[in-house]
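Each ligand, and each atom within it, is numbered from 1 in the order the structure gives.
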Amino acid sequence: MRICRYDETKIGIVRDGMVHDVGDLSGRLGVHGYPLPEHDLLIARLDALRCEMEGAVLSGGIPASAVRLESPVGNPGKIVAAPVNYTRHFDEAAADPTTFPKVHVRSIRESGLFLKATSSVVGAASGVPLRFADRRTDHEVELAVVIGRRCSVVPESEAMSVVAGYCIGLDMTIRGTEERSFRKSPDGYTVLGPWLVTPDELGDPSALDMTLEVNGRVRQRANTRDLILGIPQLISLASAFFTLHPGDVILTGTPEGVGEVVAGDVITATIEGIGTLETRVRAP
Ligand code: MN
């Protein structure tokens, strides 16, 4: 199943490039008072609502290109991200100490994971507003894993069972000396989309081709088989340090080919089995 959020508040199922409205689910997401739970209400109820959502898809639909695609996760509790998790990206970073300060170029086994502000999350339709005119902002395409159930200290052998689905993530990054979480958390610097693909629909996520183009020219081309820490290892590592909740997102790291974007650029990211996310870079 492919689930999208679109036109601000709507939820849809995507089939053959067409978005089908599943109707108003707000009454079925549980009754909550203040404070709200730490998880995403829709992702937490996905299994229970699945039949109902699929049943709502009978005919019609709108081309996905004609809707405003929002982040497939509306309220992620946290964005966990992997630094340098492809060997060739490590090599390109190590070779350019001016752009990639040495302090940041370390093995993921040494540096662990980092967190991005949830306020940085947008969908493809929002575009990326550059935060500073005078600093370099780079694209990073990544496979994004969305957690489906509350879990802690998950062994690698059970890790795939906590996954709700996958989407494409753009981990937009200001280059510089500051902490990653600071440089990668401006508003709009985490683009998720175009939709969530459930594990049964995607199949094996450990060998997916991915590309990122800027204005039609390929910048990044890689395969998830080259991840240093694979998805089970990342889930196990993250959950060893904190509880993961439905809707938490793990950005698995970017391959080689990162580079600068400027206002007006169109970023087109494709991951095999998921689809294509297109978004535009905007002036500060
Ligand atoms: Mn990244």
Enquirer: Between Asp248 and Lys78, does any side-chain N to carboxylate O distance fall below 4.0 Å?
Expert: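 Here Asp248 pairs with Lys78 in a salt bridge, since their nearest N and O are under 4.0 Å apart.
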
Enquirer: Using a 3.5 Å cut-off and no angle test, enumerate the donor-acceptor pairs between side-chain atoms of residues 265-274 and protein atoms at least two apart in sequence or in another chain.
Expert:
{"residue": "Asp265", "atom": "OD1", "partner": "Asn215", "partner atom": "ND2", "Å": "2.9"}
{"residue": "Asp265", "atom": "OD2", "partner": "Val262", "partner atom": "N", "Å": "2.8"}
{"residue": "Thr270", "atom": "OG1", "partner": "Thr276", "partner atom": "OG1", "Å": "2.8"}
{"residue": "Glu272", "atom": "OE1", "partner": "Asp209", "partner atom": "N", "Å": "2.8"}

Enquirer: Would you mind naming the N, O or S atom of Glu140 nearest to the Mn ion (ligand 1)?
Expert: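 Closest to the Mn ion (ligand 1) among those atoms: OE1.
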
Enquirer: By atom name, which N, O or S atom of Asp171 is the nearest to the Mn ion (ligand 1)?
Expert: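 In Asp171, the N, O or S atom with the shortest distance to the Mn ion (ligand 1) is OD2.
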
Enquirer: What residues, two or more places apart in sequence or in another chain, satisfy salt bridge (Lys or Arg N to Asp or Glu O under 4.0 Å) together with Asp171?
Expert: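 Result, salt bridge (Lys or Arg N to Asp or Glu O under 4.0 Å) vs Asp171: Lys116, Lys184.
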
Enquirer: Any idea which N/O/S atom from Glu142 gets closest to the Mn ion (ligand 1)?
Expert: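 The Mn ion (ligand 1) is closest to the Glu142 atom OE2, counting only N, O or S.
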
Enquirer: Does Asp200 have more than 12 heavy atoms from other residues, nucleotides or ligands lying within 6.0 Å of its CG?
Expert: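 Count over threshold, so yes.
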
